[in-house]
Protein chains: 2
Amino acid sequence: MAEAPRYDDSLTIALLRAREAVTSQFRNHVAAGGLTLPQWRVIRALAGGTELDTTTLAHRCVILAPSLTRIIKHLEGRGLIEKVPARDKRQRVVRLTADGEAMFTEMWVVSKAKYAAIEDAFGTEEMRDLVATLNRLRAVLEDKS
Amino acid sequence: MAEAPRYDDSLTIALLRAREAVTSQFRNHVAAGGLTLPQWRVIRALAGGTELDTTTLAHRCVILAPSLTRIIKHLEGRGLIEKVPARDKRQRVVRLTADGEAMFTEMWVVSKAKYAAIEDAFGTEEMRDLVATLNRLRAVLEDKS
DNA sequence: CTTAATTACTTAACATGTGAATTAAATCAG
DNA sequence: CTGATTTAATTCACATGTTAAGTAATTAAG
């Protein structure tokens with residue numbers, strides 16, 4: 001009979017749960033603005049007049065290309081982002097519209113406060129350490145490949 | 001003009017990337033067995049003759065109920081899990097079939113080795129600390145609610 | 001015992017995750 | 001300059017994430 005593996009101690013499960021715990025702190029807020037969390041990540045990445053192509057945007061927001069195609073279409077339809085002509089005509093470069101910047105500015109106030117509250121509850125130094133540890137884990141795994 | 005927020009230092013992004021880095025170590029392996037990662041989590045949770053209702057299973061595997069409904073239907077159709085009569089007729093209690101146990105046993109060998117390799121590359125103690133930290137983060141956030 | 005409230009799960013609708021195949025544009029070899 | 005290769009996005013097909021609504025069974029209130 002196969003041993004019944006511990007599961008609560010699993011790194012995979014711990015990461016899933018932690019991610020859910022953190023993102024759920026923001027989900028209601030961005031939903032009140034009619035956005036999903038992936039959509040909000042895109043808005044945030046473009047804030048402040050930043051112009052980005054799809055590949056860079058996908059990487060920064062941790063969204064796969066097919067999903068990003070749909071999200072861009074959606075946000076463009078809502079008038080929150082717009083295309084920018086690019087030298088390389090294969091690329092789709094986008095930026096926030098004035099409405100998009102306004103949406104970001106309005107949401108960012110509360111979003112930043114929520115992030116600060118998490119930092120406050122968990123510990124500023126502990127949080128910085130955790131992010132560093134997570135990035136180191138990623139670096140180690142990417143080297144293995 | 002809104003300040004352009006740092007993004008690589010974001011806890012949310014770090015968690016997303018770390019989760020992706022870890023799960024991607026297993027995705028190809030379970031895909032070779034015709035399974036997705038959520039499906040594999042279900043199989044694993046039921047390994048060793050464990051019988052579980054949908055709610056408990058959903059919690060342990062970090063899968064939402066509607067997704068689990070579909071996954072159970074899928075795995076049952078493949079003959080890897082089966083229903084168990086329950087006193088409470090609202091509940092759906094399931095367990096692995098003989099085929100399901102065989103599938104788990106076969107996949108678990110490699111899966112366990114891959115997990116050990118991660119532990120080896122990242123550090124046993126560091127990994128235990130990381131899991132503990134992630135669980136503490138979750139506890140802190142759940143208290144805030 | 002009967003009905004209201006609760007619980008466990010399912011269904012529905014839409015958004016995203018994921019891998020494979022496609023299309024269009026840029027780059028490269030000859 | 002031409003054809004082969006590579007690159008950037010998109011499209012397709014299917015699985016899961018997410019919320020809200022719906023159904024059936026249990027429990028609780030009277």
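Sequence lines set the chain letters: A, B, ... in the order given, protein chains first and strands last, and positions in each chain run from 1.
With the nearest nucleotide of DNA chain C identified for both A/R90 and A/A65, A/A65 has the one nearer the 5' end. Residue-to-nucleotide proximity on DNA chain D shows that, of A/N28 and A/T55, the 5′-proximal contact is made by A/T55. Ranked by how close their nearest DNA chain D nucleotide is to the 5' end, B/I71 and A/P66 are led by A/P66.
Between B/H74 atom NE2 and D/dT16 atom C1' there is a gap of 12 Å when expressed in whole angstrom units. A straight line from CD1 of A/I63 to P of D/dT10 spans 13 Å, rounded to a whole angstrom. In this entry the distance linking CG of B/L64 with C1' of C/dG17 reads 14 Å, nearest Å. Rounded to an integer number of Å, the gap from CZ of B/R87 to P of C/dA8 is 15 Å. The separation between A/W40 atom CH2 and C/dT16 atom C1' is 19 Å, rounded to whole Å. Protein atom CZ of A/R19 is 10 Å distant from nucleotide atom C1' of C/dT16, rounded to whole Å. The distance between atom CG of B/L68 and atom P of D/dT18, rounded to the nearest whole Å, is 14 Å. Taking atom CD of A/Q91 as the reference point, atom P of D/dT7 lies 13 Å away to the nearest angstrom.
OP1 or OP2 of C/dT11 sits under 4.0 Å from a side-chain N or O of B/K73. OP1 or OP2 of C/dG17 sits under 4.0 Å from a side-chain N or O of A/S67. Phosphate proximity of C/dT16 to A/Q39: present, with a side-chain N or O under 4.0 Å from OP1 or OP2. Between A/T36 and C/dT16, a side-chain N or O to OP1/OP2 separation shorter than 4.0 Å is present. For B/R92 and C/dA8, the shortest distance from a side-chain N or O to OP1 or OP2 is not below 4.0 Å.
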Item to check | Worked check of side chain to side chain donor-acceptor pair (under 3.5 Å) between A/R70 and A/S67 | outcome: CA-CA 5 Å; A/R70 292 178 294 228; A/S67 295; 3.2 Å; yes
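Which of C/dT7, C/dA26, C/dC9 sits closest to the side chain of B/D53 comes down to C/dC9. Between D/dT18, D/dA9, D/dG17, one nucleotide has an atom nearer to the side chain of A/T69 than all others, and that is D/dA9.
In summary, A/R95 and A/E101 do not engage in a salt bridge, as defined by a charged side-chain N under 4.0 Å from a carboxylate O.
Between the side chain of A/R70 and the base of C/dG17, a donor-acceptor pair under 3.5 Å is found.
By the neighbour-count criterion of 12 heavy atoms within 6.0 Å, atom CZ of A/R60 is sparsely surrounded, having that number or fewer from other residues, nucleotides or ligands.
Expressed to the nearest 0.5 Å, how far NE2 of A/H59 lies from CG of A/D53 amounts to 12.0 Å. Atom CD of B/Q39 and atom CD1 of B/I72 lie 11.5 Å apart (nearest 0.5 Å).
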